[in-house]
Amino acid sequence: MEQHEPERPELPDRVAGLRELSYDLWWAWHDHAREVFRVLDYPLWRATAHNPVKLLQLVSAERLGEVAGDPAFLHLYDSALEQLHRARTARDTWWSRRTGLGHARPIAYCSAEFALHQSLPIYAGGLGVLAGDHCKEASDLGLPLIAIGFMYPQGYFHQRLSADGWQEEHYVRLDWQDAPIERATLAHDQDCVIAVPLGNRTVLAQVWHVRLGCVQLYLLDTDLEENAPWDRELSARLYGGDREMRIQQEIVLGIGGVRAVRALGYDPILWHLNEGHAAFVVLQRIRDLIEHGTRFDQALEEVRRTTAFTTHTPVAAGHDAFPFSMVETHLAGCWGSLGESREAFLALGGYDNGQGTQFNMTALAVRSSGAINGVSELHGEVTRKMWAPLFEELGRPDPVTSVTNGMHVPSWLSVDMARLFDQYLDARWREQHDDPTVWEDVLTIPDEELWHLRQRLRRHLFTFVRERMRDRWLNQHVSPARVLSGGTLLDAGALTIGFARRFATYKRAELVFHDPARLAHILNQLKRPVQIIFAGKAHPADDPGKRALQGVYHRAVDPAYGGRVAFVDDYDLHVAHFLVQGCDVWLNNPRKPLEASGTSGMKASLNGVLNVSIGDGWWPEGYTGTNGWLIDPGESHDDPAAQDAADAEALYRLLEDQIVPAFYERDDHDVPRRWIRMVKEAIRTIAPRFSTRRMLKEYVERTYLPAIEVVTGKG
Ligand SMILES: *Cc1c(COP(=O)(O)O)cnc(C)c1O
């Protein structure tokens with residue numbers, strides 16, 4: 001590799017630990033650590049989109065000299081560093097108290113994407129956010145988790161809109177020097193590079209290391225000089241290529257993932273596959289066991305006992321499947337001592353999802369996992385039905401449980417809201433936020449204070465949206481219409497609806513425009529204005545998704561809506577933070593039952609943003625009748641057009657009869673009491689139950705521990 005060590009300004013000895021702090025993403029969810037960098041250089045903090053690694057490359061020696069002699073700064077710095085060290089080495093954790101187990105054998109968590117911070121663009125959407133939040137929570141609870149994924153040097157794309165609102169994808173090469181990522185090393189400081197057999201050749205993968213407190217994430221990267229040009233491209237982009245590319249990526253992730261874990265000296269006690277992408281993990285593991293003298297069926301049994309699988313996709317066609325010939329071509333070099341049982345292994349993936357029998361990654365994962373779960377109760381049921389033939393074949397009529405997704409509270413809660421909770425909730429709330437009783441005191445927060453905070457968060461959002469458009473206007477020379485579509489006419493005092501998610505057609509971004517005149521009437525009431533902010537990317541190959549996005553853009557520049565419809569481009573974690581904290585209402589109207597869970601609505605509720613949602617995904621579990629609204633069309637229709645009409649009608653009714661009146665009904669102090677009551681209910685009922693703390697504890701209790709106890713003979 002011809003990569004050079006980055007230019008790094010000398011750090012004064014007294015603050016030399018800044019580098020260590022910047023290279024542990026632990027700072028991403030600890031505000032006092034972020035405060036260190038904010039105080040160090042606020043303009044740079046803003047200019048780097050909160051990236052301390054970059055900030056430390058740019059900050060002046062003079063400023064570093066100043067802070068090294070500033071007692072207030074040093075106090076902040078010392079305490080952040082001390083807490084980081086404590087997080088890394090803590091032995092008295094929830095995990096150790098609950099299990100009595102140490103860290104000798106980790107749990108390996110495999111996923112094709114991880115969303116941890118905007119400075120590391122290796123995620124596309126909800127699946128990645130869930131994986132990232134899972135890892136952060138594991139660190140907080142002290143789980144011995146290591147995670148395995150892909151380092152995509154070009155990441156997922158940046159989104160721009162053409163003059164006519166058509167999505168354009170821009171890939172920007174990540175400069176690894178600018179991200180909180182280091183080369184994983186073996187003994188004697190050697191780079192960790194592993195070999196993966198692919199077809200009849202061998203591809204090398206460099207392993208990268210991302211620190212997350214006590215959790216370690218390892219990322220595979222094939223962009224090495226030693227590889228052929230097409231192999232260097234393998235890990236270039238997330239979900240960027242065709243089927244051939246996809247299966248090769250999955251082989252690198254699965255086979256390479258196991259090899260990397262072994263090379264680094266780990267002996268996992270359990271493997272957790274997050275979605276089917278990583279299912280080739282089981283191939284390498286079975287092969288390893290056979291190499292040690294185990295028979296195929298015994299090896300499969302052993303792998304099954306120690307593999308957990310989480311499925312996320314409620315549509316049969318959404319599961320990765322490949323023609324057998326393609327699988328055989330690319331797996332040709334992978335068999336080794338598994339060669340004699342090649343047919344038996346391939347049979348593990350065989351499944352006919354209606355388009356003939358193919359090698360299906362979910363079928364492979366199901367046939368080789370002991371624990372299988374869906375990501376909401378409803379999705380668990382859908383999964384049980386969808387794969388029923390497979391479960392029958394396995395003689396396990398009902399192997400699927402559900403563990404409803406959650407969001408990582410310290411990552412998604414606004415700092416200002418956290419301060420308010422510090423004031424009115426028991427101090428236990430930070431550590432025990434999955435305990436519903438600590439949230440009862442939300443009801444004691446004075447309405448005025450909560451309302452003023454909600455308004456402040458909305459203003460933050462508007463400043464963010466406006467400055468983003470100013471940047472596009474200044475630096476990208478976009479058209480005035482585009483500037484307008486970005487939200488420059490939005491009103492910081494008006495009821496604001498947020499809709500931010502991938503532009504997949506089943507999410508129905510355009511549903512709210514079903515009756516244009518009726519919507520225009522709702523938006524343009526002089527005394528009760530309403531506005532909608534959209535954000536989201538369409539998959540590069542999804543033209544219907546792009547057309548829906550363009551449809552939203554056309555509405556945003558349509559005078560009939562009065563500048564009250566906006567589209568914020570390049571949706572990512574950073575944009576998501578502003579939206580889930582600053583809107584008043586969070587709109588979710590997928591075509592049921594296609595949303596497996598959804599998590600953005602949970603993040604919104606945590607910050608007092610009220611959900612208005614179809615009864616799909618997590619919402620049937622979250623909705624209580626007083627903490628948001630259920631879009632209830634009364635009956636379900638087989639005809640999608642009829643369903644759209646019924647759902648839109650139910651949505652308009654809610655807006656007209658309930659949502660808009662409740663928001664604008666003010667008392668003498670201009671406080672919407674009824675609204676604030678619902679805000680408190682949303683926080684109180686949703687924050688604890690839909691946290692990753694509750695979620696991860698469920699994974700430990702239902703999935704990890706039973707498997708571990710079988711392995712260790714405990715219990
Ligand atoms: C939370 C989040 C998602 C997932 O949202 P859904 O509710 O599943 O649509 C996707 N992308 C980003 C950037 C997020 O923060």
Side-chain angles (χ1 to χ4, degrees), residues 28-29 49 111-134 136-137 155-159 238-239 274-275 310 312-314 318 374-376 378-379 404-414 461 464 498-509 511 533-539 545 548-549 568-583 585-607 609 611-614 616-619 621-622 628 686 690-692 695:
W29 72 99
S111 177
E113 47 173 308
F114 289 89
L116 297 155
H117 186 261
Q118 60 263 14
S119 58
L120 203 54
I122 54 170
Y123 63 93
L127 182 70
V129 176
L130 182 81
D133 280 10
H134 191 107
K136 291 173 177 175
E137 190 64 58
Y156 201 49
F157 65 91
H158 287 281
Q159 177 190 55
L238 174 58
Y239 307 143
N274 186 44
E275 193 58 305
T310 301
H312 293 260
T313 311
V375 291
S376 68
L378 187 60
H379 177 240
T404 302
N405 282 347
M407 40 85 204
H408 183 242
V409 169
S411 292
W412 291 105
L413 180 61
S414 110
L461 166 63
F464 172 75
F499 183 103
R501 39 184 51 88
R502 275 184 308 117
F503 271 81
T505 42
Y506 78 86
K507 301 213 184 215
R508 296 191 296 184
L511 187 76
I533 305 186
F534 289 87
K537 294 173 177 175
H539 185 282
L549 193 161
V568 178
D569 62 11
D570 209 20
Y571 183 50
D572 68 356
L573 287 176
H574 196 48
V575 179
H577 271 94
F578 283 95
L579 286 168
V580 298
Q581 295 173 3
C583 293
V585 167
W586 198 253
L587 177 61
N588 179 44
N589 51 31
R591 183 165 282 134
K592 191 176 173 178
L594 299 187
E595 190 63 83
S597 169
T599 52
S600 58
M602 304 171 183
K603 306 166 191 167
S605 301
L606 172 70
N607 288 287
V609 177
N611 263 281
V612 52
S613 173
I614 294 278
D616 196 12
W618 73 285
W619 193 230
E621 294 163 65
I686 291 166
F690 298 95
S691 62
T692 42
M695 176 190 86

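Whatever order the structure lists them in is the order used to number ligands and atoms, beginning at 1.
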message = Over 60° means perpendicular and under 30° means parallel, so tell me whether Trp29 and His408 are parallel, tilted or perpendicular.
response =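 Aromatic pair Trp29/His408 classed perpendicular.
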ask   = What's the shortest heavy-atom distance between Ala112 and Tyr239, and which atoms?
value =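 The answer is CB-OH, 4.3 Å.
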key: Partner set under side chain to side chain donor-acceptor pair (under 3.5 Å) for Glu137, not counting sequence neighbours   =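 Side chain to side chain donor-acceptor pair (under 3.5 Å) check on Glu137 returns Thr692, Arg693.
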From CD (Glu595) to CD1 (Ile614), nearest 0.5 Å =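 One gets 11.0 Å once the value is rounded to the nearest 0.5 Å.
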Backbone of Ala49 reached by a side-chain donor or acceptor of Gln118 within 3.5 Å =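 Flag set: sc Gln118 to bb Ala49 pair under 3.5 Å.
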ask   = Can you tell me if Arg502 uses its side chain to pair, donor with acceptor, with the backbone of Lys537 under 3.5 Å?
value =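 The answer is no, because no donor-acceptor pair under 3.5 Å joins these two groups.
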Considering only N or O atoms, set out every pair between ligand 1 and the protein closer than 3.5 Å, with distances to one decimal place.
residue, atom, partner, partner atom, Å
ligand 1, 7 (O), Thr599, N, 3.1
ligand 1, 7 (O), Ser600, N, 2.9
ligand 1, 7 (O), Ser600, OG, 2.6
ligand 1, 9 (O), Lys507, NZ, 3.0
ligand 1, 15 (O), Lys603, NZ, 2.6

